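To keep things clear, I will list the structure first and then write my remarks on it.
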Amino acid sequence: MMEARNYISGAWIGGPTLEVFYPADVSRSVGRYSEANEDDVQHAIEAAIAAQAGWKAIGFVERGNILSMIASRIEHNVERLAEIATLEMGKPIGETRGEALRAAAIFRYYSGEGFRSIGDVIPAAKPDTLQYSLREPLGTMAIITPWNFPLAIPAWKIAPALVFGNTIVFKPGELSSLSAFLLVELMADVLPPGVINLVMGKGSTVGEALITHRQLNGISFTGSRQIGQHIAATAVETGVKVQLEMGGKNPVIIADDANLNLAVDMVVSGALRSAGQKCTATSRVIVLEGVFESFKGLLLDRVASVKLGDPLEADTYLGPVVSAHQREKILGYVAVGARDGARLLAGGAVDPERAGYFVAPTIFEEVQPQDTIAQEEIFGPVIALLKAASVAEAIAIANNVRFGLSASVFTSSLDTALRFVDEIDAGMVRVNEETAGVELQAPFGGVKDSSSHSREQGRAAIEFYTRTKTVALRPAYGRS
Ligand code: NAD
């Protein structure tokens, strides 16, 4: 059984432990982790600050080499990482395996950043002057992550933070602490003490101690809109730079000329993989009237064949949701959907025979754009079907929410595709593709309440994790 401890200034620190149970069978204990306290957070921040100058001095190329070593270590431990992530938060093993490989690929990609340009040479008015811009580390960062991508999200924040010369205090989601511990364990002995520190525990204590600390230089947060807005408000007081990635209510539009078989596959994958617990999950499907009944029939057939079961079994498509709290929240939305007049076509219930947090794939039709289930992030395997008379109306419905993370259209018309790309309010726009699955080398982020408007991943990460210095060099010789 795994015993996960906090990691501060190069030492593994114990403390009161919390037990973790398998969401697919809550009688099975998976491990324990140590909960940090406010003093631990203080020590972790002090350690990260103390380590920062040395880490900066190592230089970009050497940091790139170290990241490459971390990528190899993750590659060699994919099965271990995948298994613990599945046991801890219930995502099917095929998905957590893919996620572990993704984490390795992210470290590999950012190892390359250690070798790429970090500034520009800029013409100067005085011809003997060399003027250039230079990227420097931001300093010491808090990295606060959710539980739903226990490996990939920490990787896509930690890797760029490290390669650009920052030191880190990492606070993972409570429900993904064991995966976080394993990841940090793989990095620990190739990084100098203090460069990465791990503090596990509650948002209200450990997280709060981090975000109110004035000596940090940056906070990169992924999680709910509510906590993100709280962090933004706190950062106004502390003056710390923040990056927030928050929720989604991602729409798919099915046009009259869509390839319906393709669309059904992509909607099912987008809505049901990870049991719908993705910020980019498909949650609203806006179907043009002419193809509504055909699409609905195909969707119901496809969903009926989805295998719900133990996420450690290779052919399970839909595992449990992460916790009892999450299951109650999802079922609460199902009740609200029915109360608001939507018609339940499938799912909406729990199998009483199962000892885990399972929710059957759930489909509603006759959902109105203003209904709660069409407006709020549910974070579960729930699809709301809405009808539109035209592409213009479908785009208007798609835009009529506070979120704007990812959005897809299914069409074979170039005009419809281009119009959608132009008019949709979303940070990530996809044509004949599912809403989830954006690649690591491309900028990731949303608009409106989904994001603080900065971007993660790809080269875009340099904007958050560095600051720019402008330099002018002029020779002394030949001047009086
Ligand atoms: P959450 O907001 O409850 O928690 C996120 C993290 O913040 C956790 O580590 C938590 O402990 C911490 N936290 C909680 N209260 C805090 C406080 N007062 N101060 C500091 N930290 C605090 O979110 P969650 O339930 O873990 O994750 C689900 C949410 O994450 C969903 O809304 C989902 O859309 C979002 N998400 C967004 C993205 C994205 O990239 N946009 C990706 C994945 C998940």
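Quick caveat, the model's predicted, so the values are computed rather than measured. Order of appearance sets the numbers: ligands from 1, and atoms from 1 within every ligand.
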Quiz item: Listed by chain and number, what are the ring pair (Phe, Tyr, Trp, His ring centres under 6.0 Å) partners of W147, not counting sequence neighbours?
Solution: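 W147: ring pair (Phe, Tyr, Trp, His ring centres under 6.0 Å) contacts with F379.
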
Distance to the ring centre below 6.0 angstrom and angle to the axis at most 45 degrees; does that hold for R302 and Y317?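 Judged by the rule, R302 and Y317 form a cation-pi pair.
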
Mind checking the OG1-OH spacing from T372 to Y333? Nearest 0.5 Å is all I need.
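Going from OG1 on T372 over to OH on Y333, the span is 7.5 Å.
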
query = What residue pairs, at least two apart or across chains, pass side chain to side chain donor-acceptor pair (under 3.5 Å) with a residue in residues 168-184?
reply =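 Of all non-adjacent pairs touching residues 168-184, those that pass side chain to side chain donor-acceptor pair (under 3.5 Å) are E88-S179.
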
| said: R32: which residues meet the side chain to side chain donor-acceptor pair (under 3.5 Å) condition with it, sequence neighbours left out? | reply: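 Listed in chain order: E3.
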
Please output the residues near ligand 1 using a strict heavy-atom distance under 4.0 Å, listed in chain and residue-number order.
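Within 4.0 Å of ligand 1, the protein residues are I144, T145, P146, W147, N148, I153, K171, P172, G173, E174, G203, G207, E208, I211, F221, T222, G223, S224, I227, H230, E245, M246, G247, C279, E377, F379, L405, F444.
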
For the residue pair W156 and F444, categorise the inter-ring angle as parallel (less than 30°), tilted (30 to 60°) or perpendicular (more than 60°).
->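 Answer is tilted, since the angle falls between 30° and 60°.
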
